Amino acid sequence: MAFASSLTPSYSLPNLSSMPKNSITTLNKIYPSSLLHRPPIFRVCCNSQLQGRDSSNFNLFASVTSADVLLDEAVEQVKLPKGDTWSIHKFGGTCVGTSERIQNVANIVVKDESERKLVVVSAMSKVTDMMYDLIHKAQARDDSYVTALDTVLEKHKSTAIDLLKGDDLNKFLARLHKDINNLKAMLRAIYIAGHATESFSDFVAGHGELWSAELLSSVIRKSGLKCACMDTRDVLVVNPTSSDQVDPDYVESGRRLEKWYSQNSSDIIVATGFIASTPENIPTTLKRDGSDFSAAIMGALFQARQVTIWTDVDGVYSADPRKVSEAVVLNKLSYQEAWEMSYFGANVLHPRTIIPVMKYDIPIVIRNIFNLSAPGTSICRPADFENEDGWEFAVKGFATIDNLALVNVEGTGMAGVPGTSSAIFGAVKDVGANVIMISQASSEHSVCFAVPEKEVKAVAAALESRFRQALSAGRLSQIAVIPNCSILAAVGQKMASTPGVSATLFSALAKANINIRAIAQGCSEYNVTVVVKREDCVKALRAVHSRFYLSRTTIAMGIIGPGLIGGTLLDQLKEQAAVLKENSNIDLRVLGLTGSKTMLLSDMGVDLSTWRDQLEEKGEKADMEKFVRHVHNNHFIPNTVIVDCTADSSIASHYHDWLRRGIHVVTPNKKANSGPLEQYLKLRTLQRQSYTHYFYEGTVGAGLPIISTLQGLLETGDKILRIEGIFSGTLSYIFNNFKGARAFSEVVKEAKDAGYTEPDPRDDLSGTDVARKVIILARESGLKLELSDIPIQSLDIASAEEFMEQLHKYDQDLAKQRQEAEATGEVLRYVGVVDVVNQKGTVELRRYKKEHPFAQLSGSDNIIAFSTQRYEKQPLIVRGPGAGAEVTAGGVFSDILRLASYLGAPS
């Protein structure tokens, strides 16, 4: 392969003036004196079939002669065609990380049906880091840079052997060895000097792109296609700025591109990413995400039809999929949306990548090289999708920035004083800190802004120094630093024209119990930015993502008491889980379940088809605090609910603490709402003051809507006069079947075996269970009663062990009461009464005529009659099964789904 060294612009050796004399002496030994005293040419370029000759070799150095200039003038000019005939592809380091992947890239390029193609490539995976590591080692005078360079050599040598054969392989290896030897000499000079200029570092680091471009172009030529290789340092001209960025010189770059193409015309061009030259022809780089930037600049220079960025993900996600497992790939983004998401840390593109293509409305498509069936994400002008409507298009995605601190400058002396903000941010600029976000109240009483946490000490010190006099005089009250913060940004082009976006965002955060520390929103409303505690960031991200229908409403569940009720609930969850995900976007994940002795914890969710076996085989010793902490502290799930399926008062005593910590509670356990009045009032006050929910429909009437009916009557302004009913499914079953010649003890045993009784059957027969339900309804109705205020007609049963043995003693007396009732056409029913008018409650065995609704029950049915101002003449009656594991678990399940609805699940 022949090279015409003068056919491309020359670029100069980086400035050596800052290097010690001994290192310059070393370079003089490496390079001829003439090369150090006149601008040498540092070039890596390849031409395909230039002047009829094969070209697969590289020249690193060539001196300028008068013959070169004459040859420049003699070259026949070939005009560069611009426009839609060109498509630009960019392949990152992961895409060309191995020989197999380079071959795969070549196949994609060959199969692309575009008329003309320019391919921008990065260095092989990790190679750029390896090159910078060489420089750092040499600067530190660490001899291991030699072996590290050998590793770089072997990586590219083995890759070339896999891909190339014959002359192509020999020429590449000759070039590779020559480059490595030159790099070894340069690194030796850096080693002696103990220092490398930025230009030297850029020159060394850019070799990875040169080698990968040569490898790819050689592989494409193997398929029989003409392919030119472009060293973009010969074309792209950039002006370094003071902010570790560069500004492309499009005019000069365009001129050089025209000249380069006239000498290297081809329908397929492989170009190096990341590297460029300064106006003085000194090698430099495009800094962070430079290869993407290279592709966008080339797209603008060629005025291409499309720029495709090939990576290892399916496109741009609505949120970081590592934090939100349900994040979805977005089909389209506007340039502004992509810009905003990039700024706030989303793995999209560097914001500067978008600038070159916007002028010509060139779409950028993000695609996955490992999943060619995925269409990817198109970044284009908004008009291409202006007809899209709805929440799912108002907010396109969410992004976060971690490890920030808020600085708050506050004082009454700031209001109306010109130049205060300028002084604040001037001080911040002087210490070189980067301001991520600014928020200021319209009163001008305070200004707060976010900076990287590593810079906050310097910022605070600079501000205290700058405003020392104002602080002493009291014009400023404080300069406060709030550490451990994160930014969450919601981004969407149509947020400005969609009412309620901000309200929905803040509501979702509030319902997830997330406190907002600062807010910022531009008038364009492309983004709404909030600052939250760092430990709340992922939880906040999941909460808002879920609320905007971009993921399922996900709730982390902890089940306490996997016995009869809890076990039945788990089985019901298993049967409905898939349906809820598919139809209602509700994802219920049981992260833990615990009994009194053993608990089972899972990070992703217990497999509900085998939970009994898992609890037995993998269960650990029960620890309530560890259990709650595990379920609640999973930051990948924004909402937590504890479901207490026990009748344990010690478990109920935790409700207040759980609600205070932002944990929702669902329970059929009556102990909390019927316990000491002071604790009940404290619990309800907390519930009303927070966005944490407490649902307890199952405490009265199993799955019947008794609590919700009562609450609905009260909330709509009705006045309760009296509530009377058969509240115990157990006692309903017993007295419905206590007839004929059957003994009372026989019916009780049957109810116990059927699972209708409480865990301790004495709660039923003593009337305590009914009394607790009466207390719950009385308190819901506004009465402040204690359990001891309820007179109970009960059976005086001793210990639980003696229960069944002694029960037969009551058979004769109860049989007599039944016979007396039947003689007058009546039946026995065990009822509870809430007399709101007289502010009292009772529990007793009563007789009712056979035509009365209470006398016409069957099985374990409950019946409750509400007498109110609206329903005074004819009470509102709720009737249905009031006992049994299935209906009670169903009532609890219904409360869980009610919670999901409150948290944002679609109705």
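Please read all numbers here as calculations on a predicted model, not as lab measurements. The figures here come from the full heavy-atom set of this structure, side chains too, leaving out hydrogens, waters and symmetry mates.
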### Message
Tell me if the NZ atom of Lys157 is crowded by more than 12 foreign heavy atoms within 6.0 Å.
### Response
no

#### Entry: Trp339 side chain to Ile355 backbone, donor-acceptor under 3.5 Å
no

### Summary
Those residues at least two apart in sequence (or on a different chain) that pass side chain to side chain donor-acceptor pair (under 3.5 Å) with Thr285 are none

### Query
Which atom pair, heavy atoms only, marks the closest approach of Ala450 to Leu404?
CB-CD1, 4.4 Å

### Task
Check whether any side-chain heavy atom of Leu215 sits under 4.5 Å from a side-chain heavy atom of Val121, and report yes or no.
no

### Task
Could you please spell out the steps behind the side chain to side chain contact (heavy atoms under 4.5 Å, CB included) verdict for Ile135 and Phe200?
CA-CA 9 Å; Ile135 299 165; Phe200 264 77; over 6 Å; no

### Task
Evaluate the side-chain proximity of Leu183 to Met131: yes if any heavy-atom separation is below 4.5 Å, no if none is.
yes

### Query
What do the steps show when you test Phe449 against Ile424 for side chain to side chain contact (heavy atoms under 4.5 Å, CB included), and what is the final call?
CA-CA 10 Å; Phe449 54 92; Ile424 291 172; 3.7 Å; yes

### Query
For Tyr250, which residues count as a ring pair (Phe, Tyr, Trp, His ring centres under 6.0 Å) partner, sequence neighbours excluded?
none

### Message
Looking at Lys126, I want to see if its NZ is surrounded by more than 12 non-hydrogen atoms of other residues, nucleotides or ligands under 6.0 Å.
### Response
no

### Salt-bridge contact Arg255-Glu258 (side-chain N to carboxylate O under 4.0 Å)
no

### Query
Under 3.5 Å, is there a donor-acceptor pair between the side chain of Thr272 and the main chain of Asp231?
no

### Message
Between Asn368 and Asp314, do the side chains contain a donor N or O and an acceptor N or O under 3.5 Å apart?
### Response
yes

#### Entry: For the student: nearest non-hydrogen atoms of Pro279 and Val238, plus distance
CD-O, 3.3 Å

#### Entry: Of all pairs that satisfy side chain to side chain donor-acceptor pair (under 3.5 Å), the ones with a partner from residues 89-108, not counting sequence neighbours
His89-Asp112, His89-Trp310, Lys90-Asp292, Thr98-Glu100, Ser99-Asp162, Gln103-Asn107

### Message
Using the rule side chain to side chain contact (heavy atoms under 4.5 Å, CB included), only one of Val246, Ile275, Thr353, Thr232 pairs with Leu286; which is it?
### Response
Val246

### Query
Could you walk me through whether Leu164 and Val219 pass the side chain to side chain contact (heavy atoms under 4.5 Å, CB included) check?
CA-CA 7 Å; Leu164 306 176; Val219 174; 4.2 Å; yes

#### Entry: 4.5 Å side-chain heavy-atom contact, Met230 and Met298
yes

## Note on the structure
Output for pair (Ile487 CD1, Ile401 CD1), nearest 0.5 Å, gives 5.0 Å

### Worked check of side chain to side chain contact (heavy atoms under 4.5 Å, CB included) between Trp86 and Gln303
CA-CA 8 Å; Trp86 285 99; Gln303 297 178 26; over 6 Å; no

### Task
For residues Ile108 and Phe91, determine if any side-chain heavy atom of one lies less than 4.5 Å from a side-chain heavy atom of the other.
yes

### Message
Is it the case that the side chains of Lys323 and Thr400 hold a donor-acceptor pair, with the cut-off being a distance below 3.5 Å and no angle test?
### Response
yes

### side chain to side chain donor-acceptor pair (under 3.5 Å) involving Asp129 - partner list, sequence neighbours excluded
none

### Task
Measure across Gly299 and Val307 and return the closest heavy-atom pair with its distance rounded to 0.1 Å.
CA-CG2, 4.0 Å

### Task
Please identify each residue that fulfils side chain to side chain donor-acceptor pair (under 3.5 Å) with Arg305, with sequence neighbours left out.
Ser114

### Task
Might you point out which heavy atoms bring Asp202 and Tyr132 nearest each other, and give the distance in Å?
OD1-OH, 3.9 Å

### Query
For atom CD of Glu464, is the number of surrounding heavy atoms from other residues, nucleotides or ligands below 6.0 Å larger than 12?
yes

### Query
So how far is it from Leu118 CG to Ile88 CD1, rounded to the nearest 0.5 Å?
4.5 Å

### Task
Measure from the side-chain N and O atoms of Thr284 to the backbone N and O of Ala276, and report whether any donor-acceptor pair falls under 3.5 Å.
no

### Task
Compare every heavy atom of Val451 with every heavy atom of Ile436, then report the nearest pair and how far apart it is.
CG1-CA, 4.4 Å

### Query
Can you say whether the rings of His207 and Phe203 are parallel (under 30°), tilted (30 to 60°) or perpendicular (over 60°)?
perpendicular

### Query
With a 4.5 Å limit on heavy-atom distance, are the side chains of Arg233 and Leu210 in contact?
yes

### Query
With a 4.5 Å heavy-atom cut-off, do Ser217 and Arg221 have their side chains touching?
yes

## Note on the structure
dist Phe302:CZ -> Ile297:CD1 (nearest 0.5 Å) comes out at 12.5 Å

### Task
Mind checking the CE-CD1 spacing from Met358 to Ile364? Nearest 0.5 Å is all I need.
9.5 Å

### Task
Indicate yes or no for a side-chain donor-acceptor contact from Glu214 to the backbone of Cys229 under 3.5 Å, with no hydrogens or angles considered.
no

### Query
Got a second to check how far Asn403's CG is from Lys454's NZ, nearest 0.5 Å?
9.5 Å

#### Entry: Donor-acceptor contact present, side-chain Glu209 to main-chain Ala123, <3.5 Å
yes

### Query
Judged by atom type as modelled, is there a donor-acceptor pair below 3.5 Å linking the side chain of Arg141 to the main-chain atoms of Ile192?
yes

### Message
When you measure from the side chain of Glu453 to the backbone of Pro483, do you find a donor-acceptor pair of N or O atoms at a distance under 3.5 Å?
### Response
no

Under 3.5 Å donor-acceptor pairs involving side-chain atoms of residues 146-155, not counting sequence neighbours:
{"from": "Thr147", "atom 1": "OG1", "to": "Ser144", "atom 2": "O", "distance (Å)": "2.9"}
{"from": "Thr151", "atom 1": "OG1", "to": "Thr147", "atom 2": "O", "distance (Å)": "3.1"}

#### Entry: Lys222 side chain vs Leu163 backbone, donor-acceptor pair below 3.5 Å
yes

#### Entry: Heavy-atom check, side chain of Ile269 versus side chain of Asn264, under 4.5 Å
no

### Task
May I ask you to test the Lys226-Ile268 pair for a side-chain heavy-atom distance under 4.5 Å?
no

### Query
Closest approach of Val270 and Ala213, non-hydrogen atoms and distance?
CG1-O, 3.6 Å

